[in-house]
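Here, residue 1 is the first one in the sequence, and each next residue gets the next number. Only a predicted model underlies this, so the values are computations on that prediction, with no experimental measurement involved.
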Amino acid sequence: MRILIVDDNSTSLQSLSVVLTDLGHQPSTFSDPVAALNHAKESYYPLIITDIKMPAMDGLSLLAELKACETSKRSDVIIITGHGDMETAITALRNGAYDYLNKPINARELAAAVERSAEHQTLLFENTDLKQNMEERVAEAKESLQEDLEKMRSQLRNVSGIGQIISGSSKMQEIIRDATIFHHEPDVPVLIEGETGTGKEVIARLVHHGDTHCDTPFVALNCSAIAESLFESELFGYEAGAYTGSRAGGSAGKLELAGNGTLFLDEIAEMPLQLQPKLLRVLEDRSFYRVGGLQKKHFSARIIGAGNKDLEMMVEEGLFRRDLYHRLTVGHLRLPPLRERQDDIVKMASLFLRKQVKRKGKKFTAIAPETLTLLKEYPWPGNVRELENTIERAVLIHDDILLRPEHIEFLASSRSLQHSEGVSAPLPPTTGLPSIDIASSTIILPENPFNLEDVTQSVIRKALAKFDGNKTKAAEYLGISRYALYRKIS
């Protein structure tokens with residue numbers, strides 16, 4: 001910082017100059033206050049240090065002249081006074097001096113005063129610049145904030161999955177319509193059911209955000225990832241001392257963290273049975289207590305449950321509370337598997353291809369027709385998630401203009417494995433299977449090899465046909481639970 005020093009004492013003048021130079025500043029020294037004043041009128045100095053007692057012009061008179069000059073009126077002026085001359089120091093401060101120092105000058109006090117002046121001058125400069133360019137700066141800031149806002153909204157919607165929901169099928173269009181309706185009714189709980197990878201959380205975020213974007217929290221809790229002993233405190237929170245090892249001051253649970261937003265309970269079928277009545281109470285009373293707490297807390301968030309198990313079947317098996325199930329299904333969305341959305345497969349594959357090409361810097365521009373045929377014929381047991389992972393793997397390993405069948409040849413071995421394990425494959429025909437006479441315990445095997453799972457599926461079909469599709473009677477007939485029968489059918 002440029003500093004002007006005025007002192008008729010050459011020794012003091014030189015000492016000040018040496019100290020300020022060592023501190024990294026650029027001092028200019030004057031022993032004549034009149035000459036210093038004329039120089040200050042021509043050249044701006046952020047800081048001027050002057051002695052109070054000088055023959056030609058005293059420090060107070062110099063201060064008055066400096067503050068009256070257009071060039072130096074913004075300069076900080078530090079007055080050097082004799083020890084104990086407090087009255088003079090006070091007068092100087094009243095007349096506009098920035099600070100004062102007593103003789104003999106302490107180097108540390110000098111350094112601190114100069115540092116404060118440097119910060120003060122920086123603020124003055126920024127303030128002046130802001131005043132002079134206020135309208136321009138405001139316009140620039142407004143434009144920048146608007147761009148950032150739109151960018152963040154776009155990124156948030158991408159993260160949330162909103163804006164990337166393919167809804168070519170009538171069923172998906174109906175689901176999106178209902179999700180939008182549920183968004184405007186936060187008191188209505190929602191249950192989203194569907195196979196793994198069908199996009200249950202994406203639809204949950206659509207219910208939360210609606211058509212545009214919602215600023216309230218979206219808090220997700222995976223019910224299958226929490227130990228049963230910790231589930232209650234994770235959901236409801238706990239007070240200090242509620243149990244051994246609890247955090248001092250207690251901790252808020254997911255119900256509190258959701259605020260006025262949404263609590264998303266993923267894999268809700270895994271919620272401990274003994275906690276389900278407490279969740280039902282929250283839905284009905286819109287209030288709860290922390291573990292070990294006595295103060296009732298109000299709950300205003302929306303609750304969305306999701307799962308890939310048949311909750312209705314679990315209710316029949318006594319594995320899920322019937323009253324909670326019916327409360328959750330006030331808003332009910334059942335997502336179809338990808339194999340039932342043939343028209344969406346092509347659109348999704350193209351969307352995922354564009355996204356992965358952008359991320360990985362590859363040259364793919366389209367998907368070959370033969371590849372599209374393979375994608376549409378594949379059963380997709382992992383649904384949308386598996387499709388996206390397939391495209392990502394193909395783009396990661398290969399680089400071409402078109403995504404060709406050989407780029408996804410790994411799907412062939414995957415499909416073969418699924419057929420051998422009976423996973424998501426169509427039910428096989430009944431020809432070429434063993435002939436079984438249960439009464440005589442006679443089993444006649446065919447000449448050609450056969451798949452044991454095909455036999456199981458054939459028996460299940462016949463049992464269902466025997467009881468006109470009644471799964472409960474068919475399960476009793478086969479000696480298995482209704483839930484086990486349902487899994488085999490799936």
- Item | His332: ring-ring contact (aromatic ring centres under 6.0 Å, His included) partners, not counting sequence neighbours |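 Here no residue qualifies.
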
- Step-by-step ring pair (Phe, Tyr, Trp, His ring centres under 6.0 Å) determination, Tyr477 to Phe467: CA-CA 9 Å; Tyr477 177 77; Phe467 296 101; 5.4 Å; yes

- Can Phe364 and His407 be said to form a ring pair (Phe, Tyr, Trp, His ring centres under 6.0 Å), step by step? CA-CA 11 Å; Phe364 288 105; His407 298 150; 5.6 Å; yes

- Task: With sequence neighbours excluded, give me every salt bridge (charged side-chain N to carboxylate O under 4.0 Å, His left out) pair touching residues 176-186.
- Result: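 Checked against salt bridge (charged side-chain N to carboxylate O under 4.0 Å, His left out) - neighbours excluded - no pair reaches residues 176-186.
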
- Message: Can you give me the closest heavy-atom contact between Ala301 and Thr262, atom names plus distance?
- Response: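 Between these two residues, the closest heavy atoms are CB-N, 4.3 Å.
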
- Message: Less than 6.0 angstrom from the centroid, inside 45 degrees of the normal: does Arg2 satisfy that with respect to the ring of Tyr44?
- Response: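 Because its charged atom misses either the 6.0 Å distance or the 45° angle limit, Arg2 does not stack over Tyr44.
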
- Query: Would Asp285 and Ser287 count as having a side-chain donor-acceptor pair, cut-off 3.5 Å?
  - Reply: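 Note: Asp285 and Ser287 side chains miss the donor-acceptor criterion.
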
- Judged by modelled atom types alone, do Asn308 and Glu195 share a side-chain donor-acceptor pair under 3.5 Å?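 No donor-acceptor contact under 3.5 Å links the two side chains.
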
- Task: Determine which pairs satisfy side-chain hydrogen bond (donor to acceptor under 3.5 Å, both in side chains) with at least one residue from residues 263-273, sequence neighbours left out, and list them in order.
- Result: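 Passing the test, one end in residues 263-273: Glu270-Lys309.
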
- Is the number of heavy atoms from other residues, nucleotides or ligands under 6.0 Å of Arg281 CZ greater than 12?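 No, not enclosed.
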
- Lys/Arg-Asp/Glu bridge criterion (N-O < 4.0 Å) met for Glu232, Arg290: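 Judged by the 4.0 Å cut-off on N to carboxylate O distance, Glu232 and Arg290 do not form a salt bridge.
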
- Task: Check the angle between the aromatic planes of Phe288 and Phe299 and answer parallel, tilted or perpendicular using the 30° and 60° thresholds.
- Result: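 Plane angle over 60°, so perpendicular.
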
